[in-house]
Colleague: 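Got a structure here, written out as structure tokens. Questions coming.
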2 protein chains.
Amino acid sequence: MQRDTAQRRAIRGVFSQEDRPLTPQELLERAQDTVPQIGLATVYRTLKSMTEAETVMIVDVPGEPQRYELAGKDHHHHFSCRACGRMFEMDGCPGDLERLVPKGFVMEDHEVFIYGRCVDCQQ
Amino acid sequence: MQRDTAQRRAIRGVFSQEDRPLTPQELLERAQDTVPQIGLATVYRTLKSMTEAETVMIVDVPGEPQRYELAGKDHHHHFSCRACGRMFEMDGCPGDLERLVPKGFVMEDHEVFIYGRCVDCQQ
DNA sequence: CCCATAATGATAAACCAATCTCAATAAGTA
DNA sequence: TACTTATTGAGATTGGTTTATCATTATGGG
């Protein structure tokens with residue numbers, strides 16, 4: 001059966017503290033604040049089981065390694081800060097995407113990424 | 001000086017025939033129709049010099065290798081077909097993205113990806 | 001408290017995209 | 001045509017992410 005370890009608690013803790021999509025590396029570093037000896041393999045293993053349990057979702061980002069975010073959120077998109085490299089969530093959705101779709105094509109899904117500077121990285 | 005080779009002509013030909021963002025692998029396969037012995041290294045070398053010359057642009061796609069498209073096009077976004085894996089261009093742009101940006105964040109750029117089925121892959 | 005075994009850490013290995021190496025080829029000027 | 005040298009192809013190599021290995025640790029039911 002699934003055991004409750006300090007490592008997994010730390011990873012779950014990071015996800016609820018930072019409410020944004022995280023890379024395995026970011027998760028490792030934050031989790032090490034709580035459990036210093038935690039290794040990258042444990043992070044990947046935990047992410048895999050959380051993904052299978054649908055506790056977290058994979059976020060594919062252009063030109064970056066996969067990120068992971070807690071599942072069950074409302075539909076949203078992402079903001080990537082070019083200064084600090086962090087990715088944030090943005091509620092809502094631009095309407096009227098159907099208008100962009102070429103004739104004869106069928107839209108099933110969409111993603112929007114906005115790039116710029118986050119509130120902590122102004123000027 | 002820059003020499004005009006059959007390989008480079010083939011690659012330029014593929015770009016103008018297929019008017020969409022192509023992966024190095026796609027370029028290799030299409031170019032081999034014209035120059036069967038062309039190798040992947042040549043494709044990458046040619047893409048690098050075309051990128052430096054700003055003849056082509058890199059398109060970063062979520063969860064996929066980089067693609068390349070001819071430079072100088074109007075602002076547009078991309079449609080990815082889940083059936084055939086090809087990526088297409090879509091003219092235009094959803095307005096009103098500023099509305100999504102969290103307070104204090106500054107938008108510099110944006111990308112939109114639509115997923116679904118292209119006209120050749122219906123039902 | 002015991003103990004079966006799930007989980008971990010360190011590191012090696014697998015993967016894949018992209019680049020490098022180098023001998024062979026071929027473009028293009030004289 | 002001859003020659004300089006840019007370009008090529010094949011395969012090795014790199015760099016980064018992700019997975020596998022395996023001896024060790026530690027959870028949690030009995």
Side-chain angles (χ1 to χ4, degrees), chain A residues 1-15 20-69 78 80 85-87, chain B residues 1-15 21-69 78 80 85-87 113:
Chain A
M1 105 267 47
Q2 177 90 321
R3 289 178 184 175
D4 190 30
T5 66
Q7 289 84 344
R8 287 177 191 169
R9 279 192 297 275
I11 290 172
R12 287 199 303 272
V14 174
F15 269 120
R20 55 189 195 80
L22 300 165
T23 61
Q25 197 58 45
E26 285 177 333
L27 278 159
L28 176 68
E29 287 158 17
R30 300 299 171 286
Q32 281 174 336
D33 297 341
T34 311
V35 183
Q37 79 283 8
I38 189 173
L40 190 55
T42 297
V43 173
Y44 275 104
R45 272 190 294 248
T46 303
L47 286 174
K48 189 176 182 195
S49 73
M50 290 178 87
T51 302
E52 285 164 357
E54 295 182 53
T55 307
V56 301
M57 303 278 292
I58 293 172
V59 181
D60 278 322
V61 182
E64 283 189 53
Q66 289 186 331
R67 290 173 181 265
Y68 295 80
E69 68 182 6
H78 297 106
S80 177
R86 290 184 297 175
M87 178 155 281
Chain B
M1 105 267 49
Q2 177 90 318
R3 291 180 183 174
D4 189 31
T5 66
Q7 290 83 344
R8 287 175 190 168
R9 281 192 296 275
I11 290 171
R12 287 199 304 271
V14 174
F15 270 119
L22 300 165
T23 62
Q25 197 58 46
E26 284 176 333
L27 279 159
L28 176 67
E29 288 159 17
R30 299 299 170 286
Q32 282 175 335
D33 297 341
T34 310
V35 184
Q37 78 283 8
I38 190 174
L40 191 54
T42 297
V43 173
Y44 275 105
R45 274 188 295 246
T46 303
L47 287 173
K48 190 177 183 194
S49 73
M50 290 177 87
T51 303
E52 286 163 357
E54 297 184 50
T55 307
V56 302
M57 304 276 293
I58 293 173
V59 182
D60 278 322
V61 182
E64 282 188 54
Q66 289 185 332
R67 290 173 181 266
Y68 296 80
E69 67 182 7
H78 298 106
S80 177
R86 289 184 297 175
M87 178 155 283
F113 296 94

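Reminder, nothing fancy here: chain letters follow the sequence lines and each chain counts from 1.
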Colleague: Quickly work out the Glu26(A) CD to dT18(D) C1' distance and round it to whole Å.
Modeller: 17 Å
Colleague: Is the shortest side-chain N/O distance from Thr5(A) to OP1 or OP2 of dA26(D) below 4.0 Å?
Modeller: no
Colleague: Measure from CD on Glu64(A) to C1' on dT17(D) and round the result to the nearest Å.
Modeller: 13 Å
Colleague: From the list dG28(D), dA10(C), dG28(C), which nucleotide is the closest neighbour of the side chain of Asp4(B)?
Modeller: dG28(C)
Colleague: Please report, rounded to the nearest Å, how far the P atom of dA17(C) is from the CZ atom of Arg67(B).
Modeller: 12 Å
Colleague: If you check every side-chain atom of Gln66(A), which of dT8(C), dT18(D), dA18(C) has the closest atom?
Modeller: dT18(D)
Colleague: Salt-bridged, Glu26(A) to Arg86(A), with N to O below 4.0 Å?
Modeller: no
Colleague: Which nucleotide, dA18(C), dG28(D), dT8(D), lies nearest any side-chain atom of Arg3(A)?
Modeller: dG28(D)
Colleague: Using the side-chain heavy atoms of Gln7(A), tell me which of these nucleotides is nearest: dG9(D), dG9(C), dT7(D).
Modeller: dG9(C)
Colleague: Would a 4.5 Å heavy-atom cut-off, applied to side chains only, mark Arg3(A) and Met1(A) as touching?
Modeller: yes
Colleague: Given dT18(D), dA17(C), dG9(D), identify the nucleotide with an atom nearest to the side chain of Thr42(B).
Modeller: dG9(D)
Colleague: In whole Å, I'd like the distance from the CD1 atom of Ile58(A) to the C1' atom of dT18(D).
Modeller: 11 Å
Colleague: How is Ile38(B) classified with respect to the nucleic acid when contacts are heavy atoms under 4.0 Å: base, sugar-phosphate, or nothing?
Modeller: sugar-phosphate
Colleague: Mapping Arg9(B) and Tyr44(B) to their closest nucleotides on DNA chain C, which lands nearer the 5' end?
Modeller: Tyr44(B)
Colleague: Please report the distance, rounded to the nearest Å, between CD1 in Ile11(A) and C1' in dG9(C).
Modeller: 13 Å
Colleague: If you assign Arg45(A) and Met1(A) each to the DNA chain D nucleotide with the nearest heavy atom, which residue ends up on the more 5' nucleotide?
Modeller: Arg45(A)
Colleague: When rounded to the nearest 0.5 angstrom, what is the spacing between CD1 in Ile11(A) and CE in Met50(A)?
Modeller: 7.5 Å
Colleague: Separation of Arg8(A) atom CZ from dT27(D) atom P, in whole Å?
Modeller: 12 Å
Colleague: Between dT7(D), dT17(D), dA7(C), spot the one nearest the side chain of Gln2(B), thanks.
Modeller: dT7(D)
Colleague: Choosing from dA10(D), dA20(D), dA6(D), which nucleotide comes nearest the side chain of Ala41(A)?
Modeller: dA20(D)
Colleague: CD of Gln25(A) versus P of dT17(D): gap in Å, rounded?
Modeller: 7 Å
Colleague: CD/Gln7(B) to CG/Leu28(B) distance, rounded to the nearest 0.5 angstrom?
Modeller: 11.5 Å
Colleague: Whole angstroms only, please: what is the CG-C1' distance between Leu47(A) and dT19(D)?
Modeller: 13 Å
Colleague: Which distance, rounded to the nearest 0.5 Å, do you find between the CG of Leu22(A) and the CG of Leu47(A)?
Modeller: 9.0 Å
